[in-house]
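What you see is a predicted model, and the numbers here were worked out from it, not measured in a lab. Whatever order the structure lists them in is the order used to number ligands and atoms, beginning at 1.
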Amino acid sequence: MKDVEQAQGILIVGEEACAELVGRKEAFEAVEAVFGAMASGEARNFPVVREAIGHADALYGFKSGFDKAGMVLGVKAGGYWPGNADKGLTNHQSTVCLFDPDTGRLSALVGGNYLTAVRTAASSAVSIAHLARKDAKVLGMIGAGHQSTFQLRAAVEQRTFEKVVAWNPHPDMLPRLGAVAEELGLPFEAVSAEEVCAQADAIITITSAFEPLLLKDWVRPGTHIACMGTDTKGKMEVDPALVAAATVFTDEVAQSISLGEAQHAVASGALSPDAITPIGAVINGAHPGRTSETEITLFDGTGVGLQDLAVASVAARLAEEGGRATRVAL
Ligand code: NAD
């Protein structure tokens, strides 16, 4: 018995291999598929654990789940170490453990830092693909941190965008985002948050804000907004009145109402949880998605463990096929 387990070993897939193997296309397909599986009841996220450890100001936790359609079982462990940047390390640190759903055996350890960014960008990209107007031309970006360039690259592949307008609470961070837009051949304009709303057909918010950055009256009819920064109780990127006025979609309703952008509108009674649709229902064809050119659609992308497991499983498969993984016996 022991020999069999040692011969199978555990795949170890490093950050570098993940970045080489899992591109935007692979991430988009994996995330879209798992959102569909969640909505059809074939995939389920388990309760999230996130705790302050009382050391290094760190937040540490686990996101786990099982996707029966894709046969992916695992956990992403990690969190946020705010002092890491001074040590030349990424503040967000994570690793994905994948288990064989038939036996419970640990099958792979996959670096989770790059994959978190690419799966988060895939999430807003899936929302744009399914909910933005087909004729969307101007992309608005609110936020210019680590995630923002991933978001921009994935978003522009969903529509024939002709221009990017952006605002960030810390304007000095914007040139880095502008350089990516330029690399993608798109004109880039740094403007006010209100002007982003006045020009953009699709807007991504990806900040650590705790107060609304976008107000309801600024946003034009027909806009699609992907709110990606709010992933914790207390955070807020847009006016709760805007959330209440929009047609709201999410990755997972339970997270949307407790720690996502919809938490505030739901807490005040302005939005009923029943009015929030899992985007998987649109992917599966059970919900029409956008039903008019004037409706404001809002995707509350809270970030679920199954997204991490989906892209990690792609990384493990491609690494094995391409001989890019190390195999060790436990
Ligand atoms: P980052 O630290 O690299 O950038 C932070 C961004 O937020 C910058 O645009 C910064 O100007 C802005 N910001 C910082 N403090 C602010 C404040 N007090 N008010 C308003 N804006 C502020 O972070 P990142 O890695 O780019 O992540 C951005 C956000 O996305 C974070 O809140 C993170 O938790 C969240 N996130 C969400 C998911 C998801 O799946 N939904 C995944 C990863 C990260």
For ligand 1, indicate whether the residue [X] contacts it via side chain, backbone, both or neither (heavy-atom separation under 4.0 Å).
| X | result |
| --- | --- |
| Ser208 | both |
| Glu211 | neither |
| Asn91 | neither |

Glu237 touching ligand 1 at heavy-atom level, < 4.0 angstrom: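 Not so, Glu237 does not reach ligand 1.
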Main-chain N/O of [Y] paired to [X] side chain as donor or acceptor, under 3.5 Å:
| X | Y | value |
| --- | --- | --- |
| Asp201 | Val138 | yes |
| Gln263 | Gly234 | yes |
| Asn168 | Pro171 | no |
| Asn84 | Thr90 | yes |

To check your reading of the model: name the closest protein heavy atom to [atom], its residue, and the distance in Å.
| atom | answer |
| --- | --- |
| atom 21 (N) of ligand 1 | Pro169 CG, 3.2 Å |
| atom 19 (N) of ligand 1 | Ala209 CA, 3.5 Å |
| atom 4 (O) of ligand 1 | Gly145 CA, 3.4 Å |
| atom 6 (C) of ligand 1 | Thr207 CA, 3.9 Å |

If I apply the N/O under 3.5 Å rule, does [X] come out as touching ligand 1?
| X | value |
| --- | --- |
| Gln147 | yes |
| Phe210 | no |
| Asn168 | yes |
| Ile206 | no |

Any chain of hydrophobic side-chain contacts (each under 4.5 Å) joining Leu214 to Ile204?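 No.
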Counting only heavy atoms not in Arg44, do more than 12 fall under 6.0 Å of its CZ?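 At most 12 heavy atoms, drawn from other residues, nucleotides or ligands, come within 6.0 Å of this atom.
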Protein heavy atom under 4.0 angstrom of atom 2 (O) of ligand 1, is there one?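 Under 4.0 Å from atom 2 (O) of ligand 1, zero protein heavy atoms found.
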Find all atoms of ligand 1 within a distance of less than 4.0 Å from any non-hydrogen atom belonging to [X], and give their numbers and elements.
| X | value |
| --- | --- |
| Gly143 | 9 (O) |
| Thr302 | 39 (C), 40 (O), 41 (N) |
| Lys235 | 31 (C), 32 (O), 33 (C), 34 (O) |

Calculate, to the nearest 0.5 Å, the distance between atoms SG and CG belonging to Cys18 and Asn113 respectively.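 Those atoms lie 9.5 Å apart.
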Closest to atom 23 (O) of ligand 1 among Lys63, His170, His146, Arg119 (heavy-atom distance):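 Selected option, by shortest heavy-atom distance: His146.
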Using the rule given for ring pair (Phe, Tyr, Trp, His ring centres under 6.0 Å), can you reason through Phe299 versus His130, listing the C-alpha separation, both sets of side-chain angles and the distance that settles it, and then say yes or no? CA-CA 10 Å; Phe299 174 65; His130 287 279; over 10 Å; no
According to the interplanar angle, ranging from 0 to 90°, do the rings of Trp81 and Tyr60 count as parallel (below 30°), tilted (30 to 60°) or perpendicular (above 60°)?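 Correct class here is perpendicular.
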Test item: Leu298 and Cys227 side chains (from C-beta on) under 4.5 Å apart, heavy atoms: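 In contact.
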